[in-house]
Amino acid sequence: MTVRAHAGQAALATAAQLTQGVIGLALLLVGHQTHLGVTVGGLAVSAFAIGMAVARPVQGRALDRHTAAPVLVGCGAAHGAAYLLIAVAAHRHWPALFALAALFAGLTLPPIATQMRAAWPAGRSADAVSRVFAAITAVQTVSVLLAPVLFTVVDAVATPTAAMLTVAGVSAGATIAFGLVCADVPTRAGQPARVGLSRYGPLLASTLLVGAVTGTLEVAAPAIAIGAGHPGAAGPLVTAATLGTLLGALVAMRRPVPLRAALLVQLAGATGLLVPAPLALSAAALVVLGLGITPALAALSTALSHRAGGTAESFGWQSTALGLGVTAGSAAAGWLAAGSARWSALPCLLAAALALGSALRPGSGEVLVRDAQRGDGGEYGGDGARGEQRPVGAE
């Protein structure tokens, strides 16, 4: 695939993933606008997360068995319809349907990143695969940044419902276009080789822990600002974490970063957040923490592609693990924030430490990353041809 084709897909993918960056805000504000209440809005956000976690592996298996176009076009259309149903349920004051519609939106969330992770590395050298995964994460980050901006602009001149439907419409249209421009070939030639979860379960566990780091900082950053008596600084602190994530993506796009190094950076940033300090230093700690997130995810994705043969289903499980980790980290940080704003960052430290401990064990995913970078075989070793899978842990 040419650079121009990848750039076009990246632009469509950015627009297609907008709903992921605004779903929580949209459901809560639409629920508030229609007097359903914050409790119902929170329930709907949870329902969306559950739907997404359940659907990702199923969508990945569908991408393995069929061409990308029907899966993505179908999900895009259904996802857009889900938001229409959410709007109707909200304005009719049907809380049960509101939550069920949010669940349906999660179930139909288009597997854009899953498709890119399965298709983009094909034919590339082992050293380039990690950079490709970093670029995919960067696309997601840009989408998450742009979504609230679009939502806020429309909300300022209309209503939260109109803003939600606008974002959903753009996302659905871009998803359908993305599906149509994808190469019309199956990811695994129509005959996916099933790889048991036990073969890459440890990598999913590490992904869950990195997700917990991400979920924690999303709550800890505003909590620290509020705890310091400067709630207006919440936005800049969140921006600092996002800036760190983007900088980490740029680094990982230039050269692969070892998993252990990325986790050490996360551990350093998390430690800095727990130390009582001026908000400027907390912002610096958030930048450091964000620096390690994209390289860690890129390294784990590289190891997963090597271990699971690049199947879309394995990347679907990775998305599920990441989403569960984000949810767990956010919940833990929110619970701890009730006692102390600084302690809300504790899940960051624990998750990063556990992930680093896992990577240091013999036979861990770190070995896979080193094997992939050396080109010792695997899905994308050497000239990009499919290689024979080797047992993990053999140095």
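Contact detail for Ala233 and Pro236: the closest heavy-atom pair is O-CD, 3.2 Å. Heavy-atom minimum distance, Cys348 versus Leu289: SG-CD2, 3.6 Å. For Val213 against Ala351, the heavy-atom pair with the smallest separation is CG2-CB, 3.8 Å. Nearest heavy atoms, Ala283 versus Ala240: O-CB, 3.7 Å. The heavy-atom pair separating Ala172 from Gly80 by the smallest distance is CB-CA, 4.1 Å. Closest heavy-atom contact between Pro258 and Pro256: CD-O, 4.0 Å.
Between atom CG of residue Leu322 and atom OG1 of residue Thr327 there is a gap of 9.5 Å, rounded to the nearest 0.5 Å. The distance from the OG atom of Ser206 to the CD atom of Gln318 is 10.5 Å, given to the nearest 0.5 Å. Atom-to-atom distance recorded for Leu273:CG and Leu217:CG is 8.0 Å, nearest 0.5 angstrom. Going from atom OG1 of Thr166 over to atom CG of Leu18 covers 11.0 Å, rounded to the nearest 0.5 Å. To the nearest 0.5 Å, atoms CG (Leu336) and OG1 (Thr216) are separated by 8.5 Å. Here Leu72 contributes atom CG and Leu63 contributes atom CG; the two are 6.0 Å apart, rounded to the nearest 0.5 Å.
For residues 264-284, the set of pairs meeting the side-chain hydrogen bond (donor to acceptor under 3.5 Å, both in side chains) definition, not counting sequence neighbours, comprises Ser282-Arg342.
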Apply side chain to side chain contact (heavy atoms under 4.5 Å, CB included) to Val326 and Glu218, showing your working.
-> CA-CA 9 Å; Val326 169; Glu218 290 175 354; 4.1 Å; yes

Please test Phe178 against Gln17 for side chain to side chain contact (heavy atoms under 4.5 Å, CB included), starting from the C-alpha separation and ending with a verdict.
-> CA-CA 11 Å; Phe178 182 88; Gln17 297 178 95; over 6 Å; no

Show the numbers, then the answer: is there a side chain to side chain contact (heavy atoms under 4.5 Å, CB included) between Leu263 and Leu259?
-> CA-CA 6 Å; Leu263 294 174; Leu259 177 60; 3.9 Å; yes

Test log, rule side chain to side chain contact (heavy atoms under 4.5 Å, CB included), inputs Val73 and Thr175 = CA-CA 7 Å; Val73 170; Thr175 298; over 6 Å; no

Go through Gln115 and Trp120 one step at a time and tell me if the side-chain hydrogen bond (donor to acceptor under 3.5 Å, both in side chains) criterion holds.
-> CA-CA 8 Å; Gln115 164 62 17; Trp120 279 22; over 6 Å; no

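Under the rule for a side chain to side chain contact (heavy atoms under 4.5 Å, CB included), the partners of Ile226 that lie at least two apart in sequence or sit in another chain are Pro231. Remark: Ala177 pairs with Leu12 by the side chain to side chain contact (heavy atoms under 4.5 Å, CB included) rule, at least two apart or across chains. Contacts of Thr137 classified as side-chain hydrogen bond (donor to acceptor under 3.5 Å, both in side chains), with partners at least two apart in sequence or in another chain: none. Considering only residues two or more places apart in sequence or on other chains, Ser344 meets the side-chain hydrogen bond (donor to acceptor under 3.5 Å, both in side chains) condition with none of them. Taking Ser314 as the reference, Tyr200, Leu304, Ala308, Thr311 meet the side chain to side chain contact (heavy atoms under 4.5 Å, CB included) condition, with sequence neighbours excluded.
Put simply, the side chain of Val142 reaches to within 4.5 Å of the side chain of Leu246, judged on heavy atoms. With contacts defined as side-chain heavy-atom distances shorter than 4.5 Å, the pair Trp343/Trp335 does not qualify. Counting heavy atoms from C-beta outward, Val238 and Pro222 have side chains that approach closer than 4.5 Å. Taking 4.5 Å as the limit, some side-chain heavy atom of Ser305 sits within range of a side-chain heavy atom of Val129. Within the 4.5 Å cutoff, the side chain of Val22 has heavy atoms near those of the Leu25 side chain.
The side chain to side chain donor-acceptor pair (under 3.5 Å) with Glu313 is formed by just one residue from the set Gln59, Arg61, Arg56; it is Arg61.
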Validation: residues 39-46 side-chain donor-acceptor distances under 3.5 Å, sequence neighbours left out:
residue : atom : partner : partner atom : Å
Ser46   : OG   : Gly42   : O            : 3.2

Output side-chain donor-acceptor pairs under 3.5 Å for residues 92-114, partner residues at least two apart or in another chain, one line each.
residue : atom : partner : partner atom : Å
His93   : ND1  : Thr34   : O            : 3.0
Thr108  : OG1  : His79   : ND1          : 3.4
Thr108  : OG1  : Phe104  : O            : 2.8
Thr108  : OG1  : Ala105  : O            : 3.4

Please set out all donor-acceptor pairs under 3.5 angstrom arising from side-chain atoms of residues 145-163, sequence neighbours excluded.
residue : atom : partner : partner atom : Å
Thr152  : OG1  : Pro148  : O            : 2.7
Thr159  : OG1  : Ala162  : N            : 3.1
Thr161  : OG1  : Gln33   : OE1          : 2.8
Thr161  : OG1  : His91   : NE2          : 2.9

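Side-chain heavy atoms closer than 4.5 Å link hydrophobic residues (I, L, V, M, F, W, Y) into clusters, and following such links, possibly through other members, connects Leu286 to Leu297. Under the 4.5 Å side-chain heavy-atom criterion for ILVMFWY residues, a single connected hydrophobic cluster contains both Leu84 and Val170. Side-chain heavy atoms closer than 4.5 Å link hydrophobic residues (I, L, V, M, F, W, Y) into clusters, and following such links, possibly through other members, connects Leu36 to Ile23. Leu267 and Val265 end up in different hydrophobic clusters when Ile, Leu, Val, Met, Phe, Trp and Tyr side chains are linked at under 4.5 Å. Hydrophobic clustering of Ile, Leu, Val, Met, Phe, Trp and Tyr side chains at less than 4.5 Å, counting indirect connections, unites Leu349 with Ile293.
Summarising the hydrophobic clusters (Ile, Leu, Val, Met, Phe, Trp, Tyr; side-chain heavy atoms under 4.5 Å, direct or chained), the residues clustered with Val219 are none. Grouping Ile, Leu, Val, Met, Phe, Trp and Tyr residues whose side-chain heavy atoms lie under 4.5 Å apart, directly or via other members, places Leu324 in a hydrophobic cluster with Leu208. Grouped by direct or indirect side-chain proximity (heavy atoms under 4.5 Å, Ile/Leu/Val/Met/Phe/Trp/Tyr only), Leu354 sits with Leu209.
No side-chain donor from either of Ser143 and Gln20 sits under 3.5 Å from a side-chain acceptor of the other.
Proximity of a side-chain donor or acceptor of Arg117 to a complementary backbone N or O of Phe133 within less than 3.5 Å is not detected.
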